[in-house]
Amino acid sequence: MDKNSDLYRMRQKYLSHPLQGLGAYLLYWMFAIMPIDMASGFGGWLLRTIGPKLGQSKKARNNLVKAFPEKSPAEIDQIIVDMWDNLGRSAGEIPHLHKLRPGGPRIEIVGVENGLALKDDGKPGLFFTGHIGNWEVTMCIATVLDMEMMSVYRAPDNPWVDNLFMRARKTFRGELVQKGPSGARKLTRCLKDGGHACMLVDQKMSDGIAVPFFGRDAMTAPALAQFALKYDAPIVPVRSERINGAHFRMTFYPPVPVTKTGDRHADVAKIMTDVNAMMESWIRERPAQWLWVHRRWPN
């Protein structure tokens with residue numbers, strides 16, 4: 001088999017993660033047979049017990065100390081424990097995503113009029129969110145607004161885990177596309193045809209642009225702003241918060257200002273600065289609900 005072929009690389013990727021994949025499958029089905037509140041609670045307990053001992057916590061602590069220099073070591077440690085609790089709960093809730101219905105007893109919807117304003121305006125539209133709360137809950141935006149939508153996601157490195165996520169997401173409305181060249185082409189066609197899309201914008205992109213985030217430059221993907229400017233597409237921020245256990249609030253905010261000055265680079269930088277500022281405000285309000293183990297800033 002050609003070692004440069006996509007098939008070979010995919011095969012090697014699958015073979016390199018068999019034990020992790022088996023563990024993920026066992027946990028998934030264990031969570032699946034539990035009631036959702038039990039799965040959420042057990043997942044939270046499991047990761048808040050194990051997580052602080054993992055090497056990833058050192059990365060989270062370094063990020064938190066730089067983002068919140070005013071906080072004491074004890075406060076930082078508590079945020080780390082609570083972060084793992086949120087991640088564990090989110091993992092336990094994955095097999096139960098089909099039970100999380102917007103507007104039902106578990107997902108409160110706020111500001112829906114801001115999202116609906118994009119539905120019949122005759123233009124393409126963009127929504128953005130981040131890895132906050134259980135960000136999988138945000139995948140139901142299309143259901144909330146009763147519109148077709150393309151959602152861009154980054155596939156986990158472990159393909160076995162990716163398969164589990166795709167299984168859990170099968171009840172979501174709209175098309176899921178992986179981040180990358182192929183996904184970018186699909187997203188371009190979608191917006192060119194007047195469609196709508198949702199993007200996660202809080203991960204590091206090495207070849208992105210430097211934009212302030214918690215007082216430091218962070219390499220940020222400019223695609224959201226570039227698409228908004230090219231297709232005259234409004235940008236609506238959407239935030240998912242964990243309120244209590246497996247209960248959430250989804251908030252649609254007023255659109256981010258999109259202004260064309262004739263200086264495209266400056267316009268992109270301004271939009272993404274506003275986007276990062278909004279993300280930062282959400283994280284400052286509920287710091288334990290963000291994924292601090294990202295390598296968000298340069299070393």
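The figures here come from the full heavy-atom set of this structure, side chains too, leaving out hydrogens, waters and symmetry mates. Computed from a predicted model, the values in this text were never measured in an experiment.
- Aromatic ring centres of Tyr253 and Trp282: separated by under 6.0 Å.
- Scanning both residues, Asn63 and Arg216, for their nearest heavy atoms gives O-NH2, 4.1 Å.
- Note that CG of Leu145 is 8.5 Å distant from CG of Leu118, once rounded to the nearest 0.5 Å.
- Here the side chain of Asp217 pairs no donor or acceptor atom with the backbone of Ala210 at under 3.5 angstrom.
- Note that OG1 of Thr143 and CG of Leu100 are 11.5 Å apart. Values are rounded to the nearest 0.5 Å.
- Between Asp274 and Ile271 there is no side-chain heavy-atom pair separated by less than 4.5 Å.
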Exercise for the section: List the steps and the verdict of salt bridge (charged side-chain N to carboxylate O under 4.0 Å, His left out) for Asp263 and Lys270. Expected result: CA-CA 11 Å; Asp263 185 337; Lys270 175 63 170 61; over 6 Å; no

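- Ionic pairing of Arg242 and Glu93 is present here: one or more N-O contacts between side-chain nitrogen and carboxylate oxygen are shorter than 4.0 angstrom.
- Taking the ring axis of Phe213 as reference, the NZ or CZ atom of Arg296 stays within 45° of it and closer than 6.0 Å to the ring centre.
- Rounded to the nearest 0.5 Å, atoms CG (Asp85) and CD1 (Ile80) are 14.0 Å apart.
- Checked by atom type and distance alone, the side chain of Thr129 never pairs as donor or acceptor with a backbone atom of Thr138 at under 3.5 Å.
- Taking a 6.0 Å sphere around NZ of Lys123, one finds it holds more than 12 heavy atoms contributed by other residues, nucleotides or ligands.
- Classification of Glu285 and Arg239 as a salt-bridged pair holds, one side-chain N sitting under 4.0 Å from a carboxylate O.
- Comment: Arg284 engages Glu280 in a salt bridge, judged by a side-chain N to carboxylate O separation of less than 4.0 angstrom.
- With respect to the salt-bridge test (charged N to carboxylate O, under 4.0 angstrom), the residues Asp232 and Lys260 do not qualify.
- The aromatic ring centroids of Phe214 and Trp292 lie less than 6.0 Å from each other.
- A cation-pi arrangement is not found for Arg48 relative to Trp84, the charged atom failing to lie both closer than 6.0 Å to the ring centre and inside a 45° cone about the ring normal.
- Between Arg286 and Asp82, none of the side-chain N atoms (NZ, or NE/NH1/NH2) sits under 4.0 Å from a carboxylate O, so this pair counts as no salt bridge.
- Between Thr188 and Phe227 there is a side-chain heavy-atom pair separated by less than 4.5 Å.
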